[in-house]
A.B. asks: 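This structure is in structure tokens; I'll ask about it shortly.
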Amino acid sequence: MAEALWRNAPAGPRSLQSGSRSALEGPSWRRHQRGAGQEVGARQPGAGRGGRGVWILGGLGDSGLLGSRRATRVSAETMAKEEGTSVEPRQRKKQRTSGSQETKAEKIRRTPAPERAPKYVSFQRFAKIVIGCLAAVISGMMHVFYLSAYHERKFWFSNRQELEREITFQGDSAIYYSYYKDMLKAPSFERGVYELTHNNKTISLKTINAMQQMSLYPELIASVLYQATGSNEVIEPVYFYIGIVFGLQGMYVTALFVTSWLMSGTWLAGMLTVAWFLINRVDTTRIEYSIPLRENWALPYFACQVAALTGYLKRNLNTYAERFCYLLLSTSTYTFMMVWEYSHYVLFLQAVSLLLLDIFSVEQSDKVYEVYKVYIFSLFLGYLLQFENPALLVSPLLSLVGAFMLVKCLQLNGKKGTFVAKVIKVFEFYLLCTLPVTLNLIVKMFVPHKENEHVLKFLEVKFGLNMTKNFTLNWLLCQESLQAPSQDFFFRLTQSSLLPFYVLVLIICLLSMTQVFFRRMSGKSKKETVTLEDGRIGERPEIIYHVIHTLLLGSLAMLMEGLKFIWTPYVCMLAAFGVCSPELWMTLLKWLRLRTVHPMLLALILSMAVPTIIGLSLWKEFFPRLITELTELQEFYDPDTVELMTWIKRQAPVAAVFAGSPQLMGVIKLCTGWTVTSLPLYSDDDLLQRNENIYQIYSKRSAEDIYKILTSYKANYLIVEDAICNELGTTRGCRVKDLLDIANGHVVFEEGDKLTYSKYGRFCHEVKINYSPYVNYFTRVYWNRSYFVYKVNTVISFQS
């Protein structure tokens with residue numbers, strides 16, 4: 001800029017312009033430079049941007065030599081009104097004879113470096129957003145089409161009768177869909193809701209609030225939409241129901257796409273997230289096996305909540321974007337809590353992650369406080385709309401949020417960096433660790449609750465804190481979803497290259513977070529805005545949150561395989577973000593200190609080249625497999641179950657009550673509508689006790705004992721499943737009959753050998769032989785290869 005002013009100086013003798021600089025560079029010039037105030041071209045302490053002390057030199061003689069120097073000190077008040085750099089010696093020749101020349105010089109000094117036109121930048125940003133949104137929506141739609149085609153190929157759904165379609169819903173999925181059917185059959189909406197909240201036709205001798213106990217809001221809303229939109233004239237109820245669930249899965253994939261895009265800044269990360277999610281769908285979703293599961297309804301809303309939270313935690317967010325993210329966060333949090341009874345446990349882990357973020361990143365404290373207010377609002381509104389569900393009041397989420405807000409109210413201020421401030425921080429951390437437990441114990445003293453007590457007992461046994469012979473707890477421990485993940489799980493993730501890149505990204509983020517933490521501990525100031533050149537990905541609050549959250553979810557997934565369906569999608573998202581993020585590669589390259597290639601250029605190249613190579617390799621290896629799955633015809637046919645349901649609908653009285661395994665009872669409730677003695681639900685202690693009692697038909701108990709159990713529940717028919725009675729089992733000690741023998745004390749351990757002893761044979765075997773006293777209590781009325789149906793006699797001839 002000084003050179004430009006020199007060139008624009010008034011015309012004069014050539015000798016004057018060439019010799020002026022050398023004349024200034026004499027001892028007098030150096031003496032002025034060494035002055036206390038650094039008067040020539042030096043910034044004065046305390047002066048503003050324009051407050052520089054400058055010598056204005058003038059009065060050039062006609063001979064071309066430097067004439068008498070007239071040095072005038074410009075006041076600070078005058079210089080504060082001017083902006084620009086210090087005046088070079090060449091600039092001193094300029095004569096301020098014209099106001100227009102001064103204005104021109106000011107404009108030159110204030111002119112920024114050449115940049116792209118604002119319109120071009122806005123158009124580029126707009127085009128990037130539009131293309132990314134289209135890619136996200138198309139990815140979700142393609143996932144929906146894939147699920148629909150795969151479901152049709154697997155079950156031949158369109159070619160089956162209604163009974164055969166309903167049999168594909170197994171276990172607790174059958175129960176949820178049965179209530180959807182009941183709502184459609186109800187004469188009015190009000191009557192349907194009343195029957196759900198005062199249900200006495202599902203379980204014998206028990207009136208339940210199914211809306212509260214089973215979180216049936218999805219079925220309620222689906223039935224209302226089906227009738228309100230006039231879909232009953234266009235599509236069958238089962239297709240409408242399945243279509244909604246598949247649509248939510250498309251929203252799930254889209255939310256994962258957007259989250260990875262927000263974190264990395266490129267929608268290429270979203271594409272890679274979707275690819276990994278689809279390839280590892282055995283470990284990311286259970287939609288293929290059981291459509292109406294609560295998690296298939298809930299996790300899409302949780303993914304939307306995580307996407308909104310990611311955007312909300314970002315720095316430099318404009319007001320409108322922040323409000324939109326907060327609104328989406330509030331809506332999705334409440335919806336997630338309403339459709340899944342275990343949602344508050346998942347949100348508890350998220351709340352712990354945000355608490356650690358608040359400790360690690362102080363500037364996010366206000367946003368964490370706002371998110372905690374969303375938790376409070378969702379909990380209390382859910383408590384009211386779930387008919388005063390006490391499980392929400394005694395949840396650890398409410399205790400943690402209450403303790404956090406109480407600490408915020410009692411927060412003391414101390415000067416940053418002082419010993420007192422550090423003591424206050426330690427005291428606050430101590431309160432945050434102890435207050436949640438205290439509040440939870442106090443609430444449990446005043447709120448009557450029975451829900452989820454078995455969860456605590458299960459965790460005690462799971463972690464080896466207690467030993468038990470209880471059938472229910474041991475049966476839960478033997479469930480595959482509650483055991484540690486197998487080696488095949490890690491092998492599948494490694495084969496798709498997901499696990500190696502996830503570990504790499506996680507290590508880089510953790511090291512960067514550690515580096516930032518020690519920088520702050522040493523007292524170094526934090527930059528307001530972190531640029532790509534800084535290579536500090538560990539300073540971004542949304543990255544800190546996601547790293548902590550994925551570590552918590554991963555730790556639990558290593559203990560219980562069922563949680564992998566929450567953790568693995570997170571792994572897909574985080575790994576895709578990392579390999580597509582130039583900032584992450586820049587962080588790594590800054591540590592390596594490369595000199596041959598510019599780190600920023602190499603980071604940009606790696607952020608595009610690495611995901612491209614991964615995508616091409618995945619396309620080459622896994623795309624043919626996906627096409628084969630869609631073209632391969634599979635067959636799901638269970639004629640024995642179809643025959644059993646047909647017999648019940650034709651031969652059994654309408655008021656009959658059936659007893660058997662909980663999984664089969666769920667199918668009977670869906671396909672026939674008859675009353676049953678138990679259901680495959682594990683959130684109610686009374687139902688769990690019923691399940692254990694009914695399972696005694698596979699134990700070594702007398703006919704009289706079994707008869708007394710069945711009549712206590714007013715059962716008219718007993719169904720014995722050959723698959724359970726003659727179960728071989730792959731896991732030793734986890735068969736139903738083995739667990740019953742342990743619970744009943746029919747197993748004796750002597751010198752390392754396990755011996756069974758009972759004076760009665762196994763009931764499910766003995767009752768098939770048709771001899772006394774079994775024939776006195778039970779009469780066989782139907783059988784096929786898989787099922788044996790016995791009528792419970794009302795008139796008994798007791799004889800030995």
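Every value quoted in this text rests on a predicted model; they were computed, and no experiment measured them.
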A.B. asks: Give a yes or no on whether E460 atom CD has more than 12 heavy-atom contacts from other residues, nucleotides or ligands under 6.0 Å away.
C.D. replies: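 Yes, CD of E460 has more than 12 neighbouring heavy atoms, counting only those of other groups under 6.0 Å.
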
A.B. asks: Nearest 0.5 Å please: distance from the CE atom of M467 over to the CG atom of N474.
C.D. replies: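 So the CE of M467 and the CG of N474 are separated by 8.5 Å.
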
A.B. asks: Where do Y241 and A222 come nearest, in terms of heavy atoms and distance?
C.D. replies: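 Looks like CD1-CB, 4.5 Å.
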
A.B. asks: Between CZ of R286 and CG of L299, what distance do you get to the nearest 0.5 Å?
C.D. replies: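 Atom-to-atom, R286:CZ and L299:CG are 9.5 Å apart.
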
A.B. asks: Between Y717 and Y790, is the ring centre distance below 6.0 Å?
C.D. replies: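 They do not qualify: ring centres at least 6.0 Å apart.
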
A.B. asks: Supply the atom-to-atom distance T677 OG1 to L205 CG, rounded to the nearest 0.5 angstrom.
C.D. replies: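 It comes to 10.0 Å.
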
A.B. asks: Find out whether the Lys NZ or Arg CZ of R294 is both under 6.0 angstrom from the six-membered ring centre of Y176 and within 45° of the ring's axis.
C.D. replies: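 Yes, a cation-pi geometry holds between R294 and Y176.
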
A.B. asks: Tell me whether R762 is salt-bridged to E766, with the criterion being a basic N under 4.0 Å from an acidic carboxylate O.
C.D. replies: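 Salt bridge between R762 and E766, a charged N being under 4.0 Å from a carboxylate O: no.
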
A.B. asks: Count the heavy atoms of every other residue, nucleotide or ligand shown that sit under 6.0 Å from CD of E480, and state whether that count exceeds 12.
C.D. replies: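 Open.
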
A.B. asks: Let's go through V346 and I566 carefully: what are the C-alpha distance in whole Å and the side-chain angles of both, what is the deciding distance for side chain to side chain contact (heavy atoms under 4.5 Å, CB included) to 0.1 Å, and is it a yes or a no?
C.D. replies: CA-CA 9 Å; V346 179; I566 304 177; 4.0 Å; yes

A.B. asks: Measuring centre to centre across the rings, with the benzene-like ring taken for any Trp, is F336 within less than 6.0 Å of Y301?
C.D. replies: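 When the ring centroids of F336 and Y301 are compared, they turn out to be at least 6.0 Å apart.
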
A.B. asks: Looking at V144 and G247, what are the two nearest heavy atoms and their distance?
C.D. replies: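 Nearest heavy atoms, V144 then G247: CG2-CA, 4.2 Å.
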
A.B. asks: Angle between ring planes, Y194 versus H198, binned at 30° and 60°: parallel, tilted or perpendicular?
C.D. replies: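 Parallel.
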
A.B. asks: May I ask you to establish whether R281 and Y150 are in a cation-pi arrangement, using a distance under 6.0 Å from NZ or CZ to the six-membered ring centre and at most 45° from the ring axis?
C.D. replies: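 Geometry flag: set, cation within 6.0 Å and 45°.
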
A.B. asks: Can you name the nearest heavy-atom pair linking I287 to I291, along with the distance?
C.D. replies: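 Here I287 and I291 meet closest at O-CG1, 3.5 Å.
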
A.B. asks: Salt-bridged, K564 to E561, with N to O below 4.0 Å?
C.D. replies: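 The answer is yes: the pair qualifies as a salt bridge.
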
A.B. asks: With a 4.0 Å cut-off, would you call K700 and D705 a salt bridge?
C.D. replies: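 Looking at D705 together with K700, the answer is no, because their closest N to O distance does not fall below 4.0 Å.
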
A.B. asks: Salt-bridge test for R492 and D283: reply yes if a basic N is under 4.0 Å from a carboxylate O, no otherwise.
C.D. replies: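 So R492 pairs with D283 through a salt bridge.
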
A.B. asks: Just wondering, are more than 12 heavy atoms of other shown residues or ligands nearer than 6.0 Å to CZ in F387?
C.D. replies: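 Yes, CZ of F387 has more than 12 neighbouring heavy atoms, counting only those of other groups under 6.0 Å.
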
A.B. asks: Any idea how F157 and F169 line up, ring-wise: parallel (<30°), tilted (30 to 60°), or perpendicular (>60°)?
C.D. replies: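 Taking F169 first and then F157, their aromatic rings stand perpendicular (interplane angle over 60°).
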
A.B. asks: Within 45° of the ring axis of W156 and under 6.0 Å from its six-membered ring centre, is that where the NZ or CZ of R153 lies?
C.D. replies: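 Relative to the ring axis of W156, which defines the angle, R153 lies outside at least one limit.
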
A.B. asks: Just verifying a value: how many Å separate I697 CD1 and L718 CG, rounded to the nearest 0.5 Å?
C.D. replies: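 The CG atom of L718 is 4.5 Å from CD1 of I697, to the nearest 0.5 Å.
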
A.B. asks: Minimum heavy-atom separation for E219 and W297, please, with both atom names.
C.D. replies: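 That closest heavy-atom pairing would be OE2-NE1, 4.1 Å.
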
A.B. asks: Kindly give the heavy-atom pair with the smallest separation between C734 and Q483, and that separation in Å.
C.D. replies: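 C734 and Q483 have their closest heavy atoms at SG-NE2, 4.5 Å.
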
A.B. asks: Please verify the inter-ring angle class for H143 with Y146; under 30° counts as parallel, over 60° as perpendicular, anything in between as tilted.
C.D. replies: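 If you compare the ring of H143 with that of Y146, the planes turn out parallel.
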
A.B. asks: Might you point out which heavy atoms bring L563 and A557 nearest each other, and give the distance in Å?
C.D. replies: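 Between these two residues, the closest heavy atoms are CB-CA, 4.1 Å.
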
A.B. asks: Between Y774 and Y771, is the gap from one ring center to the other below 6.0 Å?
C.D. replies: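 Judged by ring-centre distance (under 6.0 Å), Y774 and Y771 do meet the cut-off.
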
A.B. asks: Please round to the nearest 0.5 Å and tell me the distance separating atom OG1 of T202 and atom CD of Q213.
C.D. replies: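 Here the interatomic distance stands at 10.5 Å.
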
A.B. asks: Quick one: do D684 and Y682 satisfy side-chain hydrogen bond (donor to acceptor under 3.5 Å, both in side chains)? Show the steps, please.
C.D. replies: CA-CA 6 Å; D684 183 83; Y682 312 111; over 6 Å; no

A.B. asks: Are E629 and R625 within salt-bridge range, i.e. N to O under 4.0 Å?
C.D. replies: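 Salt bridge between E629 and R625, a charged N being under 4.0 Å from a carboxylate O: no.
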
A.B. asks: Using the ring of each side chain (for Trp, its six-membered ring), is F778 parallel, tilted or perpendicular to F763, with breaks at 30° and 60°?
C.D. replies: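 Answer is perpendicular, since the angle exceeds 60°.
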
A.B. asks: Could you check whether the rings of W475 and Y695 sit parallel, tilted or perpendicular, using 30° and 60° as the cut-offs?
C.D. replies: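 Aromatic pair W475/Y695 classed tilted.
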
A.B. asks: Yes or no on side-chain hydrogen bond (donor to acceptor under 3.5 Å, both in side chains) for N389 and Q386, after CA distance, side-chain angles and deciding distance?
C.D. replies: CA-CA 6 Å; N389 186 1; Q386 289 186 5; 3.1 Å; yes

A.B. asks: Is the NZ or CZ atom of K768 both under 6.0 Å from the centre of the six-membered ring of F788 and within 45° of that ring's axis?
C.D. replies: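 Output yes; distance and angle both within limits.
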
A.B. asks: Do the ring planes of W567 and F489 sit parallel (below 30°), tilted (30 to 60°) or perpendicular (above 60°)?
C.D. replies: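 Ring orientation, 0 to 90° scale: tilted.
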
